[in-house]
Structures are given as structure tokens and as C-alpha cells.
Amino acid sequence: IPSVKRKAVVEKTEVFKKEHTLTMDISVPKNCIAYKCKGIEDPKKRNRIEWCYKMLFDMYFSSLNPKYQEWIDQEIINNSFTFEIDFGKDYGLLLFYSESEKTQTFINTIKNELMSISEIKKEVLEQLKRRYFGVSINALSNMKHLAITFMRTYFADQDFYESIEMIEDITCDDLLEVAKDIDLDNFSCVVINPISKE
């Protein structure tokens, strides 16, 4: 069997397309804004950065933020709102998406909130660290989830148990540092609009 050689792909730093709109058979527009980041070669550092972003975004883009309920009341987001963090050796993505008729307001809200990150409350960080640690430990009781997680960390050159232990060492300064690394001008928006009934 011939050996498999991975083809090297040089990912550009800038987003390929700033805006993309399409239509589908849906009732409410679906909006996504994605920020492109640099990849992280070292697997341990990559894992740590992902934990930092998860906690940072939980602070600013969940019910832990008093503004969150206002966004729902103003119909800027709904219950479908979520975010994702995905880093590899040569790429990084920070995604926010939700359903809303107010597409531009949604995009502006995400951008403005990211720009406003200037303070990390230690008590909230400690709360999140306990939460993520508990979720990670609880996942060990689910055999399917355990198998998937172990395989995922293995192929990413990471160690599952080291990843859990990493949570405890994260500081407020770590979160502020990753917030500074977000290039707020390097983003792309994808909007899926309902098909016109006219």
C-alpha cells in the first residue's frame, strides 16, 4: 500500500469573501458572522486558546451578560444563537450565528460587543472553569462521547486529561490576551434569506 502524503495547503490570512447571501426555503433569515484567525501549530497551545475563547464568549455572549436578554427582547437574536471556536495548525475561526430579521443589527451587535471587551470578572471566570471541568468529567460516563472525544484529541496531537487539567491554569489575563488577537476587520458574513413568496 503506497504511503499517503498530505498535500500542503497555504491558507490566506484574509477572508476570501466579505459577504455572501443566498436563499432557501426557511421562514426566518439565518445570519452568521465569522472572524478568521491565524492557525496554531502547537497542539497544547491550540487547546488552551480554544478554552480561553470558550470562556470569554460565554462571559460576553450568553445569559451571563445582562445585555443578552435585551438582544432577545429586541429580536436581534433568538434561542438558536450560538458560537463556535475552531482552530487547526493553519487556520482559525470564530463563528457567531442566529436567526433574525435584523441582519445588520445582529452583525453590528457582535462586532460592538467584541470591541467592548476590556474587563474579565474573576468570580465569573472561576464559575466557568468549574462548569467546564464538571462537564468534561461528566462526559466520561458517556461511552459514545468518550470514544469520540478521545479519538478527536488523539488525531489533534492532544491529550484528553491534559486538556481538562489545562482549564484550572487559565487566568483573566489569558482571556484579555486572546480578545486582543481578534482581527475585527477580517470577517465574513453569510446570510440565508427566505425565498420570496411574491
Trainee: Could you tell me which non-hydrogen atom of Asn138 sits nearest to which non-hydrogen atom of Ser141, and how far apart they are?
Mentor: O-OG, 2.7 Å
Trainee: Between Glu162 and Lys44, what is the shortest heavy-atom contact and its length?
Mentor: OE1-CE, 3.1 Å
Trainee: Would you say Met151 and Ile148 are hydrophobically clustered, going by side-chain heavy atoms of ILVMFWY under 4.5 Å?
Mentor: no
Trainee: Please report, to 0.1 Å, the donor-acceptor pairs under 3.5 Å made by any side chain of residues 14-21, with sequence neighbours excluded.
Mentor:
from, atom 1, to, atom 2, distance (Å)
Lys17, NZ, His20, ND1, 3.2
Lys18, NZ, Asp185, O, 2.3

Trainee: If you take the centroid of each ring, where Trp contributes its six-membered ring, are Tyr53 and Phe87 closer together than 6.0 Å?
Mentor: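 Yes.
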Trainee: When clusters are formed by joining ILVMFWY residues with side-chain heavy atoms under 4.5 Å apart, either directly or through shared neighbours, do Ile76 and Val191 land in the same one?
Mentor: no
Trainee: Count I, L, V, M, F, W, Y as connected when their side-chain heavy atoms are under 4.5 Å apart, and connections chain through other members. Are Leu93 and Leu56 then in the same cluster?
Mentor: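 No, separate clusters.
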Trainee: I need the Leu125 CG to Arg130 CZ distance, nearest 0.5 Å.
Mentor: 9.5 Å
Trainee: Examine Met59 and Phe83 and state if one hydrophobic cluster contains both, with Ile, Leu, Val, Met, Phe, Trp and Tyr joined whenever side-chain heavy atoms are less than 4.5 Å apart.
Mentor: yes
Trainee: Mind checking whether Ile77 and Phe106 have side chains closer than 4.5 Å, heavy atoms only?
Mentor: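 Side-chain contact under 4.5 Å: yes.
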Trainee: I'd like to check Tyr60 versus Ile117 (side-chain heavy atoms, cut-off strictly below 4.5 Å). Are they in contact?
Mentor: yes
Trainee: Is the distance between the ring centroids of Phe96 and Phe57 under 6.0 Å?
Mentor: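 Here the rings of Phe57 and Phe96 have centres that are less than 6.0 Å from each other.
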Trainee: Does the Asn108 side chain pair with the main chain of Gln104, one donor and one acceptor, at a distance under 3.5 Å?
Mentor: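 Judged by distance alone, yes, a pair lies under 3.5 Å.
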Trainee: Could you walk me through whether Ile167 and Ser136 pass side-chain contact (heavy atoms from CB on, under 4.5 Å), step by step?
Mentor: CA-CA 10 Å; Ile167 296 172; Ser136 298; 4.3 Å; yes
Trainee: side-chain contact (heavy atoms from CB on, under 4.5 Å), that's the test. Do Leu128 and Leu64 meet it? Break it down for me.
Mentor: CA-CA 10 Å; Leu128 286 170; Leu64 291 172; 3.8 Å; yes
Trainee: Just so I know, are the side chains of Glu101 and Pro29 near enough to count as touching, which here means a heavy-atom distance under 4.5 Å?
Mentor: yes
Trainee: Quick one: which of Asp174, Asp169, Asp173 gives a side chain to side chain donor-acceptor pair (under 3.5 Å) with Thr171?
Mentor: Asp174
Trainee: Tell me, do Asn47 and Met166 make a side-chain contact under 4.5 Å, heavy atoms counted?
Mentor: yes
Trainee: Kindly determine whether Leu175 and Ile170 satisfy side-chain contact (heavy atoms from CB on, under 4.5 Å), including the steps that lead there.
Mentor: CA-CA 8 Å; Leu175 270 59; Ile170 291 173; 3.4 Å; yes
Trainee: Are Ile137 and Met143 connected, step by step, through hydrophobic side chains (Ile, Leu, Val, Met, Phe, Trp, Tyr) whose heavy atoms are closer than 4.5 Å?
Mentor: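 Yes.
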Trainee: To the nearest 0.5 Å, how far apart are NZ in Lys45 and CZ in Arg48?
Mentor: 10.5 Å
Trainee: Compute whether any side-chain donor of one residue and acceptor of the other, for Thr23 and Asn193, lie under 3.5 angstrom apart.
Mentor: no
Trainee: Rounded to the nearest 0.5 Å, how far apart are CE of Met55 and CD of Glu126?
Mentor: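 With rounding to 0.5 Å, CE (Met55) is 9.0 Å from CD (Glu126).
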Trainee: Looking only at heavy atoms, what is the nearest atom pair of Glu50 and Ile85, with distance?
Mentor: CG-CG2, 4.1 Å
Trainee: Taking the side chain as every heavy atom from C-beta outward, state whether Lys89 and Arg46 have any pair of such atoms under 4.5 Å apart.
Mentor: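 In short, these two side chains touch, coming nearer than 4.5 Å.
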Trainee: Are the side chains of Ser98 and Ser80 in touch, meaning some heavy atoms are under 4.5 Å apart?
Mentor: yes
Trainee: Any side-chain to backbone donor/acceptor pair from Asp86 onto Gly92? Under 3.5 Å, distance only.
Mentor: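 Not confirmed, Asp86 side chain does not pair with Gly92 backbone.
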Trainee: Might you point out which heavy atoms bring Thr105 and Thr109 nearest each other, and give the distance in Å?
Mentor: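 For Thr105 and Thr109, the tightest heavy-atom pair comes out as O-OG1, 2.7 Å.
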Trainee: Ignoring hydrogens and angles, tell me if any N or O in the side chain of Lys102 forms a donor-acceptor pair with the backbone of Ile107 under 3.5 Å.
Mentor: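 Here the side-chain-to-backbone pair does not exist.
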Trainee: I want to check something: taking the side chain as every heavy atom from C-beta on, are Asn65 and Ser62 in contact at a cut-off of under 4.5 Å?
Mentor: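 In short, these two side chains do not touch, never coming nearer than 4.5 Å.
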Trainee: Run the side-chain donor-acceptor check on residues 67-74: report pairs under 3.5 Å with partners two or more places apart or on a different chain.
Mentor:
from, atom 1, to, atom 2, distance (Å)
Lys67, NZ, Glu113, OE1, 3.1
Gln69, NE2, Asp73, OD1, 2.9

Trainee: What heavy-atom pair brings Ser27 and Pro194 nearest, and what distance separates the two atoms?
Mentor: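 Scanning both residues, the minimum pair turns out to be O-CG, 3.7 Å.
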Trainee: Does either side chain, that of Asn78 or that of Ser100, offer a donor lying less than 3.5 Å from an acceptor on the other one?
Mentor: no
Trainee: Find the distance between CG (Asp58) and NZ (Lys54) and round it off to the nearest 0.5 Å.
Mentor: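 These two atoms lie 10.0 Å from each other.
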Trainee: Does the side-chain contact (heavy atoms from CB on, under 4.5 Å) test come out yes or no for Lys38 and Asp183, once each step is laid out?
Mentor: CA-CA 10 Å; Lys38 294 179 181 178; Asp183 184 352; over 6 Å; no
Trainee: In Å and rounded to the nearest 0.5 Å, what is the CD1 to SG distance from Ile49 to Cys37?
Mentor: 10.0 Å
Trainee: I need the Leu95 CG to Ile110 CD1 distance, nearest 0.5 Å.
Mentor: 11.0 Å
Trainee: With a 4.5 Å limit on heavy-atom distance, are the side chains of Ile192 and Tyr97 in contact?
Mentor: no
